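Every chain is numbered from 1, with letters handed out A, B, ... down the list of sequences. Computed from a predicted model, the values in this text were never measured in an experiment.
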Amino acid sequence: KAGVTQTPRYLIKTRGQQVTLSCSPISGHRSVSWYQQTPGQGLQFLFEYFSETQRNKGNFPGRFSGRQFSNSRSEMNVSTLELGDSALYLCASSLFETGMGYNSPLHFGNGTRLTVT
Amino acid sequence: QQQVKQSPQSLIVQKGGISIINCAYENTAFDYFPWYQQFPGKGPALLIAIRPDVSEKKEGRFTISFNKSAKQFSLHIMDSQPGDSATYFCAASKDSGGGADGLTFGKGTHLIIQP
């Protein structure tokens, strides 16, 4: 079974631009979560989608948004990029929505490395 | 507010030794505690997880010890091997079914196993 696939692997953008990242979950998984990983803040929860609905959102500004499609694939968008948005963005999928972690653990992709200059 | 504190930040262990990483949490609503392993250029991979109704869980060379009263849990890697060199993250969440705030991660421990 293929794992979580994230595209692109690397991205370089200029401050003020916007960016869209893509995630294909493991086949059969219905929940997709996004995390930001930086050396200073570590791994931080962005949001979670289940059945095309945003279920939970972390403490990030409204410039960060996402959506999920009927085939469970998800996209994350960051508008008006800032230098501090440079990070590894990780997508994770699970069978069910989070809150059932033990029976539905998160499986992470290898991330998209975003650099904002 | 950091809800999961992980220590040490870095750890060097000789091959064959025991690696121990500790985590402490604040939110008593947490009831799911996984550990993830991350290699450079890769995403975190689930290693082992525990619920607070047990004090210990073992899978191969990896053991989680859980102390509910102290709100602490730890990962023990027995017979550590150079291939175990990676960054390890503890995490916690509310495993109550239906809606949660995602996983809260510790800051990570960079483990180096010296041959």
Side-chain angles (χ1 to χ4, degrees), chain A residues 3-7 9-10 21 23 25-26 30-51 53-60 64 66 87-113, chain B residues 1-10 21 23 25 27 29-54 57 59 64 66 73 86-110:
Chain A
V4 177
T5 304
Q6 291 188 246
T7 56
R9 284 299 309 274
Y10 302 94
L21 312 181
C23 173
I26 292 172
R30 297 171 61 193
S31 170
V32 172
S33 300
W34 289 88
Y35 286 78
Q36 181 195 64
Q37 185 174 23
T38 60
Q41 298 300 316
L43 282 148
Q44 293 185 289
F45 172 69
L46 278 157
F47 30 65
E48 181 210 359
Y49 287 86
F50 182 78
S51 294
T53 302
Q54 186 180 91
R55 294 303 181 106
N56 299 291
K57 183 174 170 63
N59 189 24
F60 278 83
F64 292 82
L88 180 67
Y89 289 90
L90 292 160
C91 170
S93 75
S94 59
L95 203 54
F96 309 115
E97 59 190 315
T98 55
M100 300 180 71
Y102 201 80
N103 295 314
S104 177
L106 284 180
H107 297 268
F108 284 87
N110 290 329
T112 293
R113 171 76 61 186
Chain B
Q1 182 186 5
Q2 183 187 1
Q3 296 190 42
V4 178
K5 293 184 179 180
Q6 183 172 347
S7 63
Q9 278 188 306
S10 60
I21 303 170
C23 284
Y25 64 98
N27 189 341
F30 287 153
D31 55 6
Y32 170 62
F33 304 91
W35 284 88
Y36 281 82
Q37 178 190 55
Q38 186 176 29
F39 292 105
K42 301 291 186 181
L46 180 66
L47 199 57
I48 187 173
I50 197 169
R51 277 174 163 161
D53 53 348
V54 297
K57 181 175 181 182
E59 287 185 2
I64 299 179
F66 187 84
F73 58 111
T87 301
Y88 292 81
F89 294 93
C90 61
S93 73
K94 289 176 282 187
D95 189 30
S96 53
D101 299 322
L103 283 172
T104 299
F105 283 88
K107 289 292 182 78
T109 295
H110 183 52

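Note on R9(A), Q37(A), Q6(A): by heavy-atom pairs under 4.5 Å with chain B, the leading option is Q37(A). Between chain A and the options A45(B), A91(B), G43(B), the largest number of non-hydrogen pairs under 4.5 Å is found for G43(B).
Here the closest non-hydrogen pair linking L46(B) and P105(A) is CD2-CB, 3.4 Å. Considering every non-hydrogen atom in both N110(A) and K42(B), the closest pair reads OD1-CA, 3.4 Å.
In this structure K57(B) satisfies the side-chain contact (heavy atoms from CB on, under 4.5 Å) test together with Y102(A), I48(B), I50(B), E59(B), sequence neighbours excluded. Every residue meeting the side-chain hydrogen bond (donor to acceptor under 3.5 Å, both in side chains) condition with R30(A), not counting sequence neighbours, appears here in chain and number order: S51(A).
With a 4.5 Å cut-off on side-chain heavy atoms, Y35(A) and L103(B) count as touching.
Contacts between L88(A) and chain B at a heavy-atom distance below 4.5 Å involve the side chain alone, from C-beta outward. In this structure, chain A has a heavy atom under 4.5 Å from the side chain of F89(B), while its backbone stays farther away. Contact annotation for L43(A): both backbone and side-chain heavy atoms come within less than 4.5 Å of a heavy atom of chain B. Looking at P44(B), both its backbone and its side chain come within 4.5 Å of chain A, counting heavy atoms on both sides.
One finds the CG atom of L106(A) at 8.0 Å from the OG atom of S93(B) (value rounded to the nearest 0.5 Å).
With a 6.0 Å radius and a threshold of 12 heavy atoms from other residues, nucleotides or ligands, D53(B) has its CG atom above the threshold.
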